[in-house]
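Written below as structure tokens is the structure these notes are about.
Atoms considered below: every heavy atom in the structure, side chains included; atoms not considered: hydrogens, waters and symmetry mates.
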Amino acid sequence: MIKVETADYPIYFGVESYAILGDFLNEKQYSKLLILTDSTCNELCLPHFLAHLPTTIPFEIVEIEPGETAKDLATCEGVWSAMLDLELDRHSALITVGGGVVSDLGGFVASVYLRGIDCFVVPTTLLAMVDASVGGKTGVDLQGAKNVIGAFSMPQMVVIDASYLETLEPRELKSGYAEMLKHGLIYDESYFNHLKNIAQVDFTDIETLIYHSVVIKSQIVQEDPKEAGLRKILNFGHTIGHAIESYYLINPTKNRMLHGEAIAIGMIIEAYISTVILGLKQELYQEIKESIQYIYGKEMFSETDVEEILVWLKFDKKNRAGVIRMVLLADIGQCSYNIEVSKDLIAKGFEDYLK
Ligand SMILES: NC(=O)c1ccc[n+]([C@@H]2O[C@H](COP(=O)([O-])OP(=O)(O)OC[C@H]3O[C@@H](n4cnc5c(N)ncnc54)[C@H](O)[C@@H]3O)[C@@H](O)[C@H]2O)c1
Ligand SMILES: [Zn+2]
């Protein structure tokens, strides 16, 4: 059995994990289980999940709409109301079966329902397997601003079953891949070098790569669970990435932008800023830019787009007294956090991205 043990909960890998999950649920004698999913996963993932979970505890299924636009308080209220109607008590538990939207929202919903019930996470996207399901950050967006309402709340257990990825769209796979590239860039140069040439990545070995990313993320979280310091490095690419994501989310004229796609652009621009402030070598920046643009292409931003994206930076959770503070790279695999960056330099980063 492959397992990563964190300080708070275990993460199990593979189809054999359902037996362990089932035993755990039965031993805890929960009064009822609520399986939270979205409509796509209800159709594509729930049959596999239910066929493998050996439990005698009664369960109910609640589904939300798929995608980031459902990650808000209105959806939470709908789920909480359903939980009341289904008479879920303090001895019930919630299991999320879905991507990062379902696990972020579900974890938050569970953390405050009746002041907190147990939560289990079964990620079904690559992004959720390598990043969102690990570390206990839960929450939702408010008026387009990313993850501004939420709580640190650790699950009881995470079960990673890569067979869910068989139905995932290639674009969603690439979105998750961006967080894996991030893990390499902030923590493990050889991992980045392996991943950057996507042609060399053998997706039949995806489980090994997922495991590697989970180990990196758990190590960082373990050292700093509440993000007082080191954990901030997991936000590399996210200061600018979240601003881009929010701008696309609320702008009806823009096409859908996935979380990982926005983070990929954010990583290029934050690497540019790293050359100016931390002296990241030009050739390393060019290598990062070229390899990421090779995988994700280049998004076009007008001057107005950039101006409006810069406005969204004010919602970044790392800001202090209105000053933007970023995670920057000194080298591949080495970074620093809390570095003050001006909007002018960020605008220059967009210019260089578009070159
Ligand atoms: N909590 C954290 O630490 C953390 C870390 C990284 C990202 N996030 C958050 O995660 C979210 C993005 O997660 P995501 O990319 O998983 O998005 P998502 O949950 O919206 O899933 C993407 C799409 O894939 C579909 N889907 C899910 N599983 C599928 C499957 N097996 N087969 C076919 N389709 C499937 C979903 O219905 C959805 O349409 C963002 O909101 C981001 O902020 C959180
Ligand atoms: Zn992310």
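Here Glu169 contributes atom CD and Ser175 contributes atom OG; the two are 11.5 Å apart, rounded to the nearest 0.5 Å. In this structure, Ile269 CD1 and Asp352 CG are separated by 9.0 Å, a value rounded to the nearest 0.5 Å. Distance CG/Leu354 to CD/Glu303: 10.5 Å, rounded to 0.5 Å. In this structure, CZ on Phe236 lies 7.5 Å from CG on Leu328, to the nearest 0.5 angstrom. One finds the CD atom of Gln282 at 9.5 Å from the CG atom of Leu284 (value rounded to the nearest 0.5 Å).
Nearest heavy-atom pair, Leu310 versus Ala347, reported as atom, atom and distance to 0.1 Å: CD1-CB, 4.3 Å. Considering all non-hydrogen atoms of both residues, His238 and Asp316 come closest at O-OD1, 4.2 Å. In terms of heavy-atom proximity, Pro123 sits nearest to Ile160 at CG-CG1, 4.0 Å. Nearest approach of Val140 to Leu105, heavy atoms of both residues: CG1-CD1, 3.8 Å. What you find for Lys289 and Lys355 is that their closest heavy atoms are NZ-O, 3.8 Å. The two residues Tyr191 and Leu209 have their closest heavy-atom pair at OH-O, 3.0 Å.
Side chain to side chain, Tyr248 and Glu299 meet the donor-acceptor criterion of an N or O pair below 3.5 Å. Side-chain contact check for Asp161 and Ser163: at least one donor-acceptor pair (N or O, by modelled atom type) lies under 3.5 Å. Side chains of Thr75 and Asp72: a donor-acceptor N/O pair is present below 3.5 angstrom, by distance only. In summary, the side chains of Asp188 and His212 do present a donor paired with an acceptor at a separation below 3.5 Å, with no hydrogens or angles considered.
The shortest side-chain heavy-atom distance between Val276 and Lys348 does not fall under the 4.5 Å cut-off. Contact check for Thr124 versus Leu44: no side-chain heavy atoms found under the 4.5 Å cut-off.
The residues Lys318 and Glu227 are annotated as not salt-bridged, no charged nitrogen and carboxylate oxygen being separated by less than 4.0 angstrom. Ion pairing of Lys182 with Glu179 is present here, as a side-chain N (NZ or NE/NH1/NH2) and a carboxylate O approach within less than 4.0 Å.
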Compile the donor-acceptor pairs under 3.5 Å between side chains in residues 149-158 and protein atoms, sequence neighbours left out, one pair per line.
residue : atom : partner : partner atom : Å
Gln156  : NE2  : Asp118  : OD1          : 3.3

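Both Tyr18 and Leu46 belong to a common hydrophobic cluster when Ile, Leu, Val, Met, Phe, Trp and Tyr are linked at side-chain heavy-atom distances under 4.5 angstrom. Linking Ile, Leu, Val, Met, Phe, Trp and Tyr residues whenever their side-chain heavy atoms come within less than 4.5 Å leaves Tyr9 and Phe108 in two separate clusters. Cluster membership check: Ile210 shares its hydrophobic cluster with Val121, using side-chain heavy-atom separations under 4.5 Å among Ile, Leu, Val, Met, Phe, Trp and Tyr. When hydrophobic clusters are built by joining Ile, Leu, Val, Met, Phe, Trp and Tyr residues whose side-chain heavy atoms come closer than 4.5 Å, directly or via intermediates, Val15 is grouped together with Val4. The hydrophobic cluster containing Leu126 also contains Tyr164, counting ILVMFWY residues as joined when their side-chain heavy atoms lie under 4.5 angstrom apart, directly or transitively.
Counting only residues at least two apart or on different chains, the side chain to side chain donor-acceptor pair (under 3.5 Å) pairs with a member in residues 32-47 are Asn42-Glu63. Annotation: side chain to side chain donor-acceptor pair (under 3.5 Å) contacts involving residues 95-113, sequence neighbours excluded, comprise Lys71-Asp104.
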Exercise. Given Phe120 and Leu94, is the side chain to side chain contact (heavy atoms under 4.5 Å, CB included) satisfied, shown in steps?
Worked result: CA-CA 6 Å; Phe120 298 81; Leu94 191 147; over 6 Å; no
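When atom types are taken as modelled, the side chain of Lys232 and the backbone of Tyr337 share no donor-acceptor pair closer than 3.5 angstrom. Listed for the Gln222 side chain is a donor-acceptor partner under 3.5 Å among the backbone atoms of Ala7. Distance alone, capped at 3.5 Å, is enough to place a donor-acceptor pair between the Arg231 side chain and the Gly135 backbone. Counting only distance, with no hydrogens or angles, the side chain of Ser246 and the backbone of Ala243 share no donor-acceptor pair below 3.5 Å. Side-chain atoms of Gln293 come within 3.5 Å of backbone atoms of Tyr353 as a donor-acceptor pair (strictly under, hydrogens ignored). Under the 3.5 Å distance criterion, the side-chain polar atoms of Trp80 are matched with a main-chain donor or acceptor of Val109. A donor-acceptor distance shorter than 3.5 angstrom exists from the side chain of Arg90 to the backbone of Leu114, with no hydrogens or angles considered. With Ser133 contributing its side chain and Ala128 its backbone, the two residues share a donor-acceptor pair below 3.5 Å. For the pair Glu270 (side chain) and Ile240 (backbone), a donor-acceptor distance under 3.5 Å is present. At least one donor-acceptor pair under 3.5 Å links the side chain of Ser274 to the backbone N or O of Leu329.
Below 30°, between 30° and 60°, or above 60°: for Phe315 and Trp312 the angle between ring planes is between 30° and 60°, a tilted geometry.
In Glu65, the CD atom is not crowded: 12 or fewer heavy atoms of neighbouring residues, nucleotides or ligands sit closer than 6.0 Å.
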